Amino acid sequence: MKKRTVRTIPQTRTPVQELDPTIRARNFEEVNCGYSESEALRESERCLFCPDPKCIEGCPVSINIPQFIQKIGEKNFRGAYDTITATNLLPAVCGRVCPQENQCEGVCTVGENLEPVAIGRLERFVGDLAIKNHWVNKPYIHPSLFKIGIIGSGPSGMACAADMAKAGCDVTVFEAFHQPGGVLRYGIPDFRLPNTVVDAEVEKLKDLGVKFECNTLAGRLFTIEQMIEELGFHAVFIGTGAGYPSMLNIPGDSLNGVLSANELLTRCNLMKAREFPKVDTPLPLGRHVVVVGAGNTAMDALRVSKRLGAETVTCVYRRSKTECPARAEEVHHAEQEGIEFHWLTNPIEVLDDGNGNVRAIRCIRMDLGEPDDSGRRRPVPIQGSEFELETDEVVYAIGTNANPIIGQTSKLTLNKRGYIETDSNLMTSIAGVFAGGDIVTGAATVIEAMGAGRKAARGMKAYLGIRDIGPIPTDGSLFGIALSEHNFTRVRIAE
Amino acid sequence: MNSIAPGRSGPQPFEILRREDYSDVTYMLEVHHPMMARAAKPGQFVIVMSHANGERIPLTIADFNREKGTITLVIQAVGKSTMEMQQTLTAGSMLHGLAGPMGIPTHLSDARKVICVGGGLGVAPVYPQARAMKQKGAYVIGVLGFRNKDLVFWEDKFRAICDELLICTDDGSAGIKGMVTDGIKQAIEKHKDIEEVIAIGPPVMMKASANATRVAKIKTMVSLNPIMVDGTGMCGGCRVKVGEKVKFACVDGPDFDGHEVDFDDLMVRLRRYKEEERVATERWSETCRMSEPGLGELSKINEMAFPNRN
Ligand SMILES: Cc1cc2nc3c(=O)[nH]c(=O)nc-3n(C[C@H](O)[C@H](O)[C@H](O)COP(=O)(O)OP(=O)(O)OC[C@H]3O[C@@H](n4cnc5c(N)ncnc54)[C@H](O)[C@@H]3O)c2cc1C
Ligand SMILES: Cc1cc2nc3c(=O)[nH]c(=O)nc-3n(C[C@H](O)[C@H](O)[C@H](O)COP(=O)(O)OP(=O)(O)OC[C@H]3O[C@@H](n4cnc5c(N)ncnc54)[C@H](O)[C@@H]3O)c2cc1C
Ligand code: SF4
Ligand code: FES
């Protein structure tokens, strides 16, 4: 193959088809239609197959990105799928929801001069193809006698379950809700991640022999200690997510019409309240909705409110657009859909209409001062700049705290903020009990949670004495030495 | 782990083994769930979904039987979900979802003399607490409020565990005429050494009960019933104000010190979905009226369900 350079490759990113903003802002259809085969092939031509691929380092689970892109170029889609799933269990999910601009695409060599390779869209293309064609990488599973309990069916729990099932264990996933998927189910809305995709991923796990027990509140129905001592589990993984939404603690917090983004999204996505009264769970609509915060959760709350028919939907965030933690694509989509943004604005009080309902929200304008601990410039209020925004529904999307249930019901060591403490193999203070995902790190990302689930599985196998016979994980290291520290140059053999 | 059947996955049906009707609006379901029966403690609740499109509704575990492997729910038909369940759930049918036990179990104090107060939908939930206090050796005075004689239930169950039992009805058709607060006052006058009051019922009733014991400084525990969604601390819909702090009733409660709770805040928040509840109930009873006359008399039913609500 002729060596590609930045000059020879297609100069612009292959655009992806999207639903028209004015139409989609009123329905729950998926916004991003995904690449067709020809679009994917064209985009695959933009990869330089760098000898020292930065993108792999940028990926939290070190997917061999140039390899899978190369296989797409060869129309070996199944091969591309196998490459991705060697490290990433959920390509159709991650291709849609990963913050690629801060990960693989953010460091892609092409991105130094042109727009980076659309790695996420290519990954999603492969993942969707796999679902459509029912590809499963069902390895020969040699049954071992171990019984594994997984608490929580979010990405971390699913990833750990898959790896342990592949290691021959008898795996049961316990989920408190009546449907599995964690945030992928109750949080991220259909127009970004259709439920059919989550269903397909759950089905794949069932094919591997994983059992799902929904309606099971671990900790309360049985404790972690009981799982090990009485219920016969040889190892347990805790992936219960962060949960427990923060409130602003400003006057008016408890008025009717103030709710957390989690409540809004759960009612809408999991309970299907948007079909009320056909379903029983209500979700009264504000006409003028204000969402506080600018992360992915906030973007979802904004765009859901718009779709539910609100006349105006406004985002209020105390820092500027540059600091906004949401995926760039989501902010862009939200803007297209007619959502208003008040950057550098901080709410100080929610005002009452006299009947316990929200009438307006008082805010103050902010300015950026010196950098704070997070390295971002600290917002400081501008004296005398207070103003009122008329609204009848205020949604808080300002982060979450640790869910207290496991802590309340077990002797596990928690850190000061209530998250579970683990060692470097993700084992907790109780032998055989591992934890990972948001309940260990605090709110993070899908791919990091998934990576944690797999890392815990590795630790679990070591703990149980199961030899890892799968492919050696390409976790960015060779013989335990990080790739960047290898003192030999890797050569690519011409084909 | 025999109780979780192997290979069962996805939504699991939970079988109703027995049903009993206590009045036009109150019914009891005994549900098969051996693990829950083993884990349940007084003061805890479950979240029930009766069908796939149903709401997740919180209901107190009113009793549990570890030998039989069942939990008992006592339900008042007050709106769409609970009225529909009253009509569709019979012995042999299945719940779509049943999760729990949720909430921090009641902290059973060392009080030697307690009053256990139950009003309206709180009569059943106070039972396991009264029984547990009795088992701990306390002198238990029961005070139960009903609208009238026809609505009285579990009198014998309470008699069996209470040292004294006062029934209060609004019209005096059974027990003393008056509200549970009158019963509390009577008991406090008679016994000067009451150490704790446990009151469960509609918010107005719990508020009145807490006020009735404030002066005498008798510790009063209440069990709050805000609107819930998940019951696992994930949505914040159930938040309540307790001593100026925000608490999530499902994971930080549901029991709180009644003298610290902001009941007015709770009552305002319970009205959040009033309009939607009305739409759902009317729409539902409309469809029922077509097949079965007589169920549309909503206002009457609502009135019966909330004896102590104004
Ligand atoms: C609205 C929203 C949008 C997001 N968007 C993105 C995005 O675009 N990209 C991205 O990378 N990340 C995004 N995130 C973050 C990402 O979803 C999370 O970091 C990730 O899902 C964490 O996975 P987890 O496995 O740790 O837990 P979760 O996905 O939170 O799953 C935990 C599961 O455990 C269950 N559970 C909890 N307690 C118990 C118990 N005691 N017993 C049994 N089950 C229990 C819960 O019901 C839940 O189903 C978003 C998050 C939210 C809320
Ligand atoms: C921890 C807890 C324990 C409970 N235990 C019991 C119990 O043992 N038996 C029982 O009959 N009920 C109990 N409830 C109340 C029960 O959950 C509600 O009555 C039920 O959700 C009403 O649903 P619906 O669709 O039938 O009525 P809706 O039409 O939704 O509501 C009708 C009326 O009920 C009120 N209401 C709605 N939701 C609640 C709620 N969560 N709590 C209190 N009132 C509500 C509304 O203000 C309205 O006036 C409990 C509630 C909580 C939070
Ligand atoms: S950094 Fe970009 S161009 Fe280089 S291999 Fe990765 S995706 Fe291809
Ligand atoms: S019901 Fe959702 S946090 Fe309590």
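Order of the sequence lines fixes the chain letters, A, B, ..., with proteins taken first and strands second; residue numbering starts at 1 for each chain. No experiment lies behind these values; they were computed from the predicted model shown.
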Hey, mind stepping through A/Asp280 and B/Glu84 against side-chain contact (heavy atoms from CB on, under 4.5 Å) and telling me if it holds?
CA-CA 11 Å; A/Asp280 293 343; B/Glu84 185 183 45; 3.7 Å; yes
side-chain contact (heavy atoms from CB on, under 4.5 Å) assessment of A/Tyr186 paired with B/Asp230:
CA-CA 10 Å; A/Tyr186 74 71; B/Asp230 56 308; over 6 Å; no
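Looking at A/Pro404, only its side chain comes within 4.5 Å of chain B, counting heavy atoms on both sides. For A/Tyr396, no part lies under 4.5 angstrom from a heavy atom of chain B. Contact of A/Asp170 with chain B is not made at all, since no heavy-atom distance falls under 4.5 Å. The contact between B/Ile104 and chain A is made by backbone and side chain atoms together, counting heavy-atom distances below 4.5 Å. Proximity to chain A (any heavy atom under 4.5 Å) is shown, for B/Lys41, by neither the backbone nor the side chain. In this structure, chain B has no heavy atom under 4.5 Å from any part of A/Leu264. Of the two parts of B/Asp265, only the side chain, counted from C-beta on, holds a non-hydrogen atom closer than 4.5 Å to a non-hydrogen atom of chain A. For A/Glu175, no part sits under 4.5 Å from any heavy atom of chain B, backbone or side chain. There is no contact between A/Asn357 and chain B, counting heavy-atom distances below 4.5 Å. With a 4.5 Å cut-off on non-hydrogen atoms, A/Val202 does not touch chain B at all. Of the atoms belonging to B/Val251, heavy atoms from both backbone and side chain fall under 4.5 Å from chain A.
Annotation for B/Ile227 and A/Arg267: closest pair CG2-NH2, 3.9 Å, computed over non-hydrogen atoms. Residues A/Glu263 and B/Cys235 come closest through the heavy atom pair CB-O, 3.6 Å. The two atoms that bring B/Arg239 and A/Asp253 nearest to each other are NH2-O, 2.7 Å, heavy atoms only. When all heavy atoms are compared, the tightest approach of B/Ala99 to A/Ala176 is CB-O, 3.9 Å. Heavy-atom minimum distance, B/Ala39 versus A/Arg220: CB-O, 3.6 Å.
Listed options B/Lys241, B/Glu55, B/Arg38 were ranked by heavy-atom pairs under 4.5 angstrom with chain A; first place goes to B/Glu55. If you tally non-hydrogen atom pairs under 4.5 Å between each of B/Pro105, B/Gly103, B/Gly236, B/Gly231 and chain A, the highest count goes to B/Gly103. Note on A/Ser260, A/Ser254, A/Gly219: by heavy-atom pairs under 4.5 Å with chain B, the leading option is A/Ser254. In terms of heavy-atom pairs under 4.5 angstrom with chain B, the leader among A/Ile405, A/Asn401, A/Thr409, A/Leu270 is A/Ile405. Taking chain A as the reference chain and counting heavy-atom pairs below 4.5 Å, the highest number among B/Met36, B/Arg56, B/Met49 is found for B/Arg56.
Using a 4.5 Å heavy-atom threshold, the side chains of A/Asn215 and B/His33 count as separate.
Using a 30° and 60° split on the angle between ring planes, B/Phe248 and A/Tyr244 fall in the parallel class, below 30°.
A/Asn256 places a side-chain N or O within 3.5 Å of a backbone atom of B/Val268 that can act as its donor or acceptor partner. Without hydrogens or angle criteria, A/Asn403 side chain to B/Thr232 main chain gives a donor-acceptor distance under 3.5 Å. Panel note: side chain A/Asn262, backbone B/Met234; a donor-acceptor pair is recorded below 3.5 Å.
Residue A/Arg287 qualifies as open at atom CZ: its count of foreign heavy atoms under 6.0 Å is 12 or below.
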